[in-house]
**Q** 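Pasting a structure here, questions to come.
Every heavy atom of this structure was used, including side-chain atoms; hydrogens, water molecules and symmetry mates were not. So you know, we letter chains A, B, ... as the sequences are listed, proteins then strands, and number each from 1.
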Protein chains: 2
Amino acid sequence: MSDVARLAGVSAQTVSRVSNGFAGVTEETRRQVLDAMRELDYRPNSAARALRRGEFRTLGVITFSLSTLGNIRTLDAIATSAARAGYAVTLLPVAVPTQDEVNGAFSRLGELAVDAVIVIMETHLLDAATVSLPPGIPVVVADSDAGDRYTVVDTDQAGGARDAVRHLLDLGHTTVWHLAGPEDSFAAQRRANAWRDTLTEAGLVPPPPVRGDWSAESGYRAGLLLAERPDCTAVFAANDQMALGLLRALHERGRTVPDEVSVVGFDDIPESGSFLPPLTTIHQDFAEVGRLCVEGVLTSMRRPTPEPGTTLVPTRLVSRRSTAPPPGH
Amino acid sequence: MSDVARLAGVSAQTVSRVSNGFAGVTEETRRQVLDAMRELDYRPNSAARALRRGEFRTLGVITFSLSTLGNIRTLDAIATSAARAGYAVTLLPVAVPTQDEVNGAFSRLGELAVDAVIVIMETHLLDAATVSLPPGIPVVVADSDAGDRYTVVDTDQAGGARDAVRHLLDLGHTTVWHLAGPEDSFAAQRRANAWRDTLTEAGLVPPPPVRGDWSAESGYRAGLLLAERPDCTAVFAANDQMALGLLRALHERGRTVPDEVSVVGFDDIPESGSFLPPLTTIHQDFAEVGRLCVEGVLTSMRRPTPEPGTTLVPTRLVSRRSTAPPPGH
DNA sequence: ACAGGTCATGTTTACGTAAACATTCCTCGG
DNA sequence: CCGAGGAATGTTTACGTAAACATGACCTGT
């Protein structure tokens with residue numbers, strides 16, 4: 001900086017002012033400084049800047065090994081929104097979802113150069129963490145539950161599940177089976193609960209849910225079971241991957257979709273329109289979730305005490321060809 | 001730090017030594033300092049640390065909006081490897097692959113707190129960038145071509161494509177069609193070239209390639225064309241998503257897989273084992289690519305002039321049920 | 001017993017920046 | 001024609017850390 005100042009014939013402070021776009025610098029001076037910067041290929045040192053300003057202009061994102069597609073798209077939206085706001089994004093990967101790993105990530109975070117943290121993770125691990133998040137830095141939790149301790153941004157899982165079940169009931173199915181996600185997933189729980197509640201409200205008795213682990217393979221195994229039940233004409237799968245496996249199992253067992261069995265998924269992954277048959281599913285707006293996460297932490301940084309609360313992002317039913325009225329309807 | 005020093009009854013420098021795990025501190029003193037740290041909930045200021053040390057312990061990753069699955073898994077591996085080496089990873093998203101956006105990301109990078117950069121991007125955009133990467137900081141390019149200017153880590157695209165084609169020829173097919181990726185993708189080019197070369201080497205005349213854009217939808221459209229050709233009994237798709245669309249098109253047109261047509265994909269995405277039928281494909285080791293990228297930049301940081309070179313990560317053919325000998329063989 | 005050495009710890013300084021305060025110079029009203 | 005006020009710029013200082021150098025205690029061998 002002093003080199004630039006010398007070349008431009010001004011003080012270092014003036015260079016700083018130009019560098020930060022302050023008013024009160026003559027156009028003439030500004031130009032000279034900018035020329036000198038270009039000449040010397042000057043780049044502000046972000047470490048010194050951060051030290052002086054007390055902020056890093058960086059957001060930390062804690063996430064499991066970029067496992068599920070939803071998390072990835074949320075992360076992508078976070079990175080894009082953050083960049084737009086002039087913030088960088090630092091990844092804090094948690095290799096395996098064990099308590100030790102989470103504790104490790106949190107303690108690393110302690111000395112990491114971040115102004116705020118966005119957590120994309122199942123919160124039961126958050127709760128059980130022995131190392132807590134550094135106090136005083138804003139936290140927003142995405143796609144999970146966080147009680148009333150943190151601000152939460154989430155897809156309206158319950159609304160989406162309700163739409164899926166309603167869609168099937170409206171087609172005339174007498175009940176809807178559920179291919180649920182893993183028990184330790186909060187999203188899976190909420191989808192399952194909404195499925196159960198919607199059936200109950202309609203005066204129906206929910207059949208026992210079949211459980212998978214989000215993978216297509218687990219959906220296939222579950223599908224082999226469901227294919228054995230002639231009374232099963234409609235299935236709501238908790239995500240599109242499991243729905244894919246389910247479609248394969250039904251096909252192998254000779255149960256045609258949608259003529260004999262209707263299937264609805266959740267997520268609307270890009271491939272779901274190319275399944276056999278194209279999958280009716282619940283579209284999630286991950287981009288909006290990510291945007292709101294960034295907005296959330298940035299707001300928290302400005303205001304002193306932001307009230308913890310939950311923001312829900314609505315879903316949308318995408319109707320394709322895997323759903324139809326039940327046989328003989 | 002001085003507070004900790006005071007509480008522990010030592011100098012700030014001793015605190016620094018303990019904090020950095022230096023030898024030459026009495027066990028007794030170390031314990032007292034650690035106690036004081038805990039007591040005061042001390043966390044080293046990473047900005048000051050970076051300023052003093054002249055390094056950030058951070059890697060920048062330039063990537064397109066986390067578009068393709070391969071990029072994502074590479075990123076994941078990079079983040080994990082970096083964390084293991086004590087480095088954080090900062091994301092530099094490029095929202096849309098235009099020259100302006102790339103230039104913008106590069107100039108942002110100039111004042112970003114990173115010690116090295118890993119680029120996961122098509123290099124024709126790199127080449128055409130008007131803003132260049134800051135000189136002097138190590139760069140490794142993943143999954144792309146970079147001439148001889150940068151170190152490159154890549155999957156052995158050619159080897160994988162060759163294996164795919166050989167597998168089909170060995171089964172007895174008289175030729176192999178190719179569902180290619182977009183022309184501006186270097187990976188797509190290499191896969192297409194290797195396909196062509198392998199056929200030529202076998203004394204065959206390559207049929208005209210059909211081009212898609214990596215998406216399942218484009219694979220579907222291409223598949224409708226291929227389904228019309230009775231002489232088409234074997235297709236090598238440049239990625240699994242397009243193979244998925246292809247399978248749907250063939251199924252809709254009544255051409256059974258693998259009895260009438262064999263299909264091989266590329267990538268081995270987790271879902272490919274659940275396609276109808278399960279897809280024979282080329283497995284890529286993204287984790288290894290990511291690991292080597294990190295290893296590469298870290299090495300460059302230590303040595304003065306690392307020679308640019310290309311490291312290829314081998315692929316592996318995963319044989320499932322979408323391939324069989326041609327009809328009447 | 002003392003020179004020479006080693007080890008644990010303390011003191012000084014600089015990293016590059018931006019806030020706070022200081023100075024200079026110019027303009028404008030009375 | 002002078003002094004008040006303000007705009008442009010300069011000077012000083014502190015942010016938290018770690019390298020470099022300095023100090024002092026203690027040990028060893030002759």
**Q** Using side-chain contact (heavy atoms from CB on, under 4.5 Å) as the criterion, list what pairs up with B/L7, not counting sequence neighbours.
**A** B/A36, B/E39, B/L40
**Q** How does protein contact run along nucleotides 15-21 of chain D, one letter per nucleotide 5' to 3', with B for base contact, S for sugar-phosphate only, - for none, heavy atoms under 4.0 Å?
**A** BBBBBB-
**Q** Which pairs count as salt bridge (charged side-chain N to carboxylate O under 4.0 Å, His left out) when at least one residue sits in residues 79-88 of chain A, sequence neighbours excluded?
**A** none
**Q** Can you list the residues that meet the salt bridge (Lys or Arg N to Asp or Glu O under 4.0 Å) rule with B/D3, with sequence neighbours excluded?
**A** B/R6
**Q** Distance check: side-chain N/O of A/T14 vs OP1/OP2 of D/dG10, anything under 4.0 Å?
**A** yes
**Q** Would you please name every residue forming a side-chain contact (heavy atoms from CB on, under 4.5 Å) with B/A187, sequence neighbours left out?
**A** B/Q157, B/S185, B/R190, B/R191
**Q** Is the shortest side-chain N/O distance from A/T29 to OP1 or OP2 of D/dT9 below 4.0 Å?
**A** yes
**Q** For the helix from C/dA1-D/dT30 to C/dG30-D/dC1, what is the angle between the axes at its two ends, each from 5 pairs, rounded to 10°?
**A** 40°
**Q** In whole Å, I'd like the distance from the CZ atom of A/R6 to the P atom of D/dG10.
**A** 14 Å
**Q** Check side-chain contact (heavy atoms from CB on, under 4.5 Å) between A/Q189 and all other residues, then give those that pass, not counting sequence neighbours.
**A** A/F186
**Q** Can we say A/R31 and A/E27 salt-bridge, meaning some charged N sits less than 4.0 Å from an Asp/Glu carboxylate O?
**A** no
**Q** With sequence neighbours left out, write down each residue that passes salt bridge (Lys or Arg N to Asp or Glu O under 4.0 Å) with B/R49, or none if nothing qualifies.
**A** A/E111
**Q** A/D115: what forms a side-chain contact (heavy atoms from CB on, under 4.5 Å) with it, not counting sequence neighbours?
**A** A/E55, A/F56, A/Y87, A/M301
